[in-house]
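Reminder, nothing fancy here: chain letters follow the sequence lines and each chain counts from 1.
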There are 2 protein chains.
Amino acid sequence: MLSNASKYAILSTLYLAEHSNEERKISVKEIAENIDIPSPFLAKLFQQLVRGKIISSTKGPHGGFYLSEKNKKKNVLDIIDNIDGLNKLNGCFLGLNECDSTNPCPVHYIVVPFKNNILEKFRDITIMEFAQEISDKGTFLAINNIDPSLDGPAE
Amino acid sequence: MLSNASKYAILSTLYLAEHSNEERKISVKEIAENIDIPSPFLAKLFQQLVRGKIISSTKGPHGGFYLSEKNKKKNVLDIIDNIDGLNKLNGCFLGLNECDSTNPCPVHYIVVPFKNNILEKFRDITIMEFAQEISDKGTFLAINNIDPSLDGPAE
DNA sequence: TTATTAAAGGATAAAAAGGTCCTTTATTAT
DNA sequence: ATAATAAAGGACCTTTTTATCCTTTAATAA
């Protein structure tokens, strides 16, 4: 549903929202180590997010990435759009060509409300508000790199 | 969330459920044409599903694939498990390492109920019951191969 | 003005997913 | 028996995703 690239981009941008500002810029290296993702890959993603005006950067000593006030008002869907495009999130869960309320796939009425919920969340809440939620809850933003065969079921 | 492989496998197995039985076996070619997926790829998937005892096959003239009575009692989750493994369906939507009710990601409480719903549906309904639903509704089982950039939003 | 720092950019590589082709094996009808 | 049919199996190819490396550019501080 989301590519690794998008997930990395979302988590890293949320990290920026929590830890950076115009005065305190953060290097790719610091973020990559904290989120536990490959830093050259993140560098590429950040290049793209800068071009897309989702995040900001400056070069040189004390340079790095940060969110401008404008950036902070972007939302998570902007990140997904910038990295994956929005179409990965749309489309029938079972891949059906014609799947709508007229010709619904067997999971249509389970999937559509979920999609609407998550799209609403990603579209209506700014990155800064998202980050605020995370910091309120003390959520630990580290990616899951361990062997997926060890995962337990969702609770 | 589901690979193309899994989607192909699900739709093709549902096609079998609807159109085959021990007397009337169906070739890869017929199914691939009807669902509109690449037939050599489907042949591989079906090989694997046969090995996994999800579907049945016989070689030679009037041979092909079909569902035995035992096969018909399998459920969709068996197909997904056989092709993708179950872990693609589990795991945090944002890729977080520790994401549970103690340390929920920002979309945890949107994603978990959805996952439970869809897992329940995939686990508790047999392939035959699934197929019955489809045939009752007259759902058209054809894959979406058109350019996804042309897709409209989910309704 | 030079050394240092950190992102930008381009080229490339590795891995996974998706897809194809060809030969072998089993079945069945003639 | 033999020819025809259709799956099984193995090898291979292509595209996409993920990831790395190296050089260049911009900013800053000494």
Check whether any side-chain heavy atom of L67(A) sits under 4.5 Å from a side-chain heavy atom of S56(A), and report yes or no. no

Let me spell it out: for each of K88(B) and L42(B), pick the nucleotide of DNA chain C with the closest heavy atom. Which residue's pick is nearer the 5' end? K88(B)

Rounded to whole angstrom units, what separation is found between the CZ atom of F65(B) and the C1' atom of dT5(D)? 13 Å

Find which nucleotide of DNA chain C each of I26(A) and F41(B) is nearest to by heavy atoms, and output the residue with the more 5' nucleotide. I26(A)

From the options dA7(D), dA29(D), dT20(C), select the nucleotide whose nearest atom is closest to the side chain of P40(B). dT20(C)

Measure the distance from CD on Q47(B) to C1' on dC21(C) and round it to the nearest whole Å. 13 Å

Find out whether the Lys NZ or Arg CZ of K121(A) is both under 6.0 angstrom from the six-membered ring centre of F130(A) and within 45° of the ring's axis. yes

Quick one: are I110(B) and F114(A) in side-chain contact, heavy atoms under 4.5 Å? yes

Classify the nucleic acid contact of A5(A) as base, sugar-phosphate or nothing, counting any heavy atom under 4.0 Å across all strands shown. sugar-phosphate

Are E30(A) and R24(A) close enough, and set up right, to give a salt bridge (charged side-chain N to carboxylate O under 4.0 Å, His left out), and what steps lead you there? CA-CA 12 Å; E30(A) 175 184 336; R24(A) 162 146 169 71; 3.3 Å; yes

How many Å lie between CD1 on I35(B) and P on dG18(C), as a whole number? 17 Å

N4(A) atom CG is separated from dA16(C) atom C1', nearest whole Å, by 11 Å

Interatomic distance, L16(B) CG vs dA6(D) P [rounded to whole Å]: 15 Å

Taking the nucleotide of DNA chain D with the closest heavy atom to each, which residue, G63(A) or S6(A), is nearer the 5' end? S6(A)

May I ask you to evaluate whether Y8(A) reaches the phosphate of dA19(D), defined as a side-chain N or O under 4.0 Å from OP1 or OP2? yes

I'd like to know if K44(A) reaches the base of dG9(C) with its side chain, counting only an N/O donor and acceptor under 3.5 Å. yes

In whole angstroms, how far is the C1' atom of dA6(D) from the NZ atom of K59(B)? 9 Å

What nucleic acid atoms does S39(A) come within less than 4.0 Å of, heavy atoms only: base, sugar-phosphate, or nothing? nothing

So P38(B), base contact, sugar-phosphate only, or nothing? Heavy-atom distance under 4.0 Å. sugar-phosphate

Tell me the interatomic distance from L2(A), atom CG, to dT18(D), atom P, rounded to whole angstroms. 11 Å

Measure NZ/K25(B) against P/dT5(D) and give the value in whole Å, please. 17 Å

Any side-chain N or O of S57(B) less than 4.0 Å from the OP1 or OP2 oxygen of dA8(D)? yes

Restricting to non-hydrogen atoms, name the atom on L45(A) and the atom on I83(A) that form the minimum distance, rounded to 0.1 Å. CD2-CD1, 4.0 Å

Over all strands shown, is F46(A) touching base, sugar-phosphate only, or nothing at heavy-atom distances under 4.0 angstrom? nothing

At under 4.0 Å, does any side-chain N or O of R51(B) touch on OP1 or OP2 of dA8(D)? no

